[in-house]
Amino acid sequence: MTWELKEFDVVLSTNETACDYPPFTVVIAGRQLKGRGRMGRVWQSPLGNLYASFVFPKTQTPPAFLSFLLGVSVVQTLHKPVALKWPNDILLNGKKCGGILLEQEDDKIIAGLGLNLSSCPKSGVMYPVTHLGYRGTPALFTKRLLKSIEKNYELLETKGFPYLREIWLSHAYGLKGPVKAVLPNKELTGIFYDLTPNGELVLITPDNKKHLISCGDIFFKKP
Ligand code: BTN
C-alpha cells in the first residue's frame, strides 16, 4: 500500500488534522501549537523535530499493534541504538526521544509519532529526555520511515502480530529487569518478564504471580 504525504507548516495537532484524511495518509507539520501526548499531557513541538500522524484503516488488527509497528519501524529506520519502552516510548541511552499516541476516529486509527530529531524540551517534562542529533529534515525522515511502515503493515495484516512482537522484544527496554507499573487503581512492582501475543506487558510480582498489564505508566529501575 502506498502512502500519501501531506505537509503543513503549522497545525494545532497533526493527530487532529489527520482526521480529515483517508487511510494511508500521513500528515506532518513543522510545528504544532497544541501538540498532545498520552494521558492528556502536552507535547512540546518546536521547529526541527518530527510531528507525524499516520491514518490507518480500522481492521481486525487490534489498534495497540500499530503502536508496536511504529516503534519497530522507527528502530529499523534509525542507525542508532534506540530502545522501545512499553507501550509507546522510544528511548536513546535510557532517555525519552520519542512517543506514540493512538487515537480512534470513526473507522480510522490515527497513530501520532513525535520524535526529537534535533532538540528536546529543556523543562516541563517529568522524565529524562534527549534528541537523536538527526541532520536531515522531518520530511526526509518520514519518507524513509514509510518504507519500513509499508513493509511491517503488510506483514502484520498477512501474518499477524508474532513477527513484529519478536522484533519489538529484541529492542525492548528493561526486559527481564525490575519494573513498577502505576495502574489506574494500584501500583505493582516486579519483573518485566515478557510481552503477550496481545501486546500486554507480563509483570511477575515477588509472590510469583503473573499480571498482564494493558495500560498504565511503567517505570524501570536504572541498570
Ligand atoms: C507521548 O506522550 O509519549 C506521545 C506523544 C505523541 C506526540 C505526537 S506528535 C504528532 C502527533 N500529534 C500530536 O498532537 N501528538 C502526536
Side-chain angles (χ1 to χ4, degrees), residues 3 5-21 23 25-56 63-75 77-78 82-92 94-105 108-121 123-132 134 137-139 141-143 145-146 149 168 171-174 181-182 184 199 201 213 215-220:
W3 285 74
L5 176 66
K6 298 276 175 204
E7 220 176 323
F8 294 85
D9 289 337
V10 53
V11 296
L12 290 176
S13 157
T14 54
N15 265 27
E16 198 173 302
T17 308
C19 293
D20 299 337
Y21 290 94
T25 307
V26 51
V27 171
I28 65 170
R31 286 187 300 133
Q32 298 186 116
L33 301 178
K34 281 201 172 165
R36 46 194 198 228
R38 289 177 63 230
M39 318 242 181
R41 293 173 192 140
V42 169
W43 188 260
Q44 297 183 32
S45 307
L47 208 59
N49 291 331
L50 176 72
Y51 314 108
S53 296
F54 300 84
V55 185
F56 289 95
F65 290 174
L66 296 174
S67 172
F68 295 105
L69 180 149
L70 274 193
V72 163
S73 302
V74 168
V75 170
T77 305
L78 284 168
V82 285
L84 299 172
K85 175 175 175 273
W86 187 94
N88 289 322
D89 288 352
I90 299 158
L91 306 185
L92 177 66
K95 298 177 185 170
K96 181 159 170 166
C97 64
I100 295 158
L101 176 68
L102 287 185
E103 293 179 319
Q104 305 209 16
E105 166 78 13
K108 299 180 282 196
I109 311 290
I110 314 288
L113 169 69
L115 209 49
N116 298 339
L117 294 180
S118 58
S119 71
C120 55
S123 60
V125 282
M126 294 144 47
Y127 42 79
V129 284
T130 190
H131 66 82
L132 293 157
Y134 182 79
T137 62
F141 184 85
T142 307
K143 286 175 192 154
L145 179 63
L146 280 174
I149 291 179
W168 189 91
H171 297 281
Y173 184 76
V182 179
L201 182 146
I213 317 278
C215 67
D217 262 344
I218 296 292
F219 300 90
F220 293 90

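Both ligands and their constituent atoms are indexed starting at 1 by order of listing. Quick caveat, the model's predicted, so the values are computed rather than measured. In what follows, residues are counted from 1 in the order of the sequence shown. All values below come from the heavy atoms of this structure, side chains included, with hydrogens, waters and symmetry mates left out.
Counting heavy-atom neighbours within 6.0 Å of M39 CE, excluding the residue itself, gives a total above 12.
Between the side chain of S118 and the backbone N or O of G48 there is at least one donor-acceptor pair closer than 3.5 Å. Without hydrogens or angle criteria, N116 side chain to G98 main chain gives no donor-acceptor distance under 3.5 Å.
S119 OG to H131 NE2: the interatomic distance, rounded to the nearest 0.5 Å, is 7.0 Å.
Among all heavy-atom pairs drawn from C19 and N15, the shortest one is SG-O, 3.5 Å. Considering every non-hydrogen atom in both T137 and Y134, the closest pair reads O-CE2, 3.8 Å.
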Between the protein and ligand 1, are there any N or O atom pairs that come within less than 3.5 Å of each other, and if so, what are their names and distances?
from	atom 1	to	atom 2	distance (Å)
ligand 1	2 (O)	R38	N	2.7
ligand 1	3 (O)	K96	NZ	2.6
ligand 1	12 (N)	T14	OG1	3.1
ligand 1	12 (N)	Q32	OE1	2.9
ligand 1	14 (O)	S13	OG	2.7
ligand 1	14 (O)	Q32	OE1	3.4
ligand 1	14 (O)	R36	N	2.8
ligand 1	15 (N)	R36	O	2.7

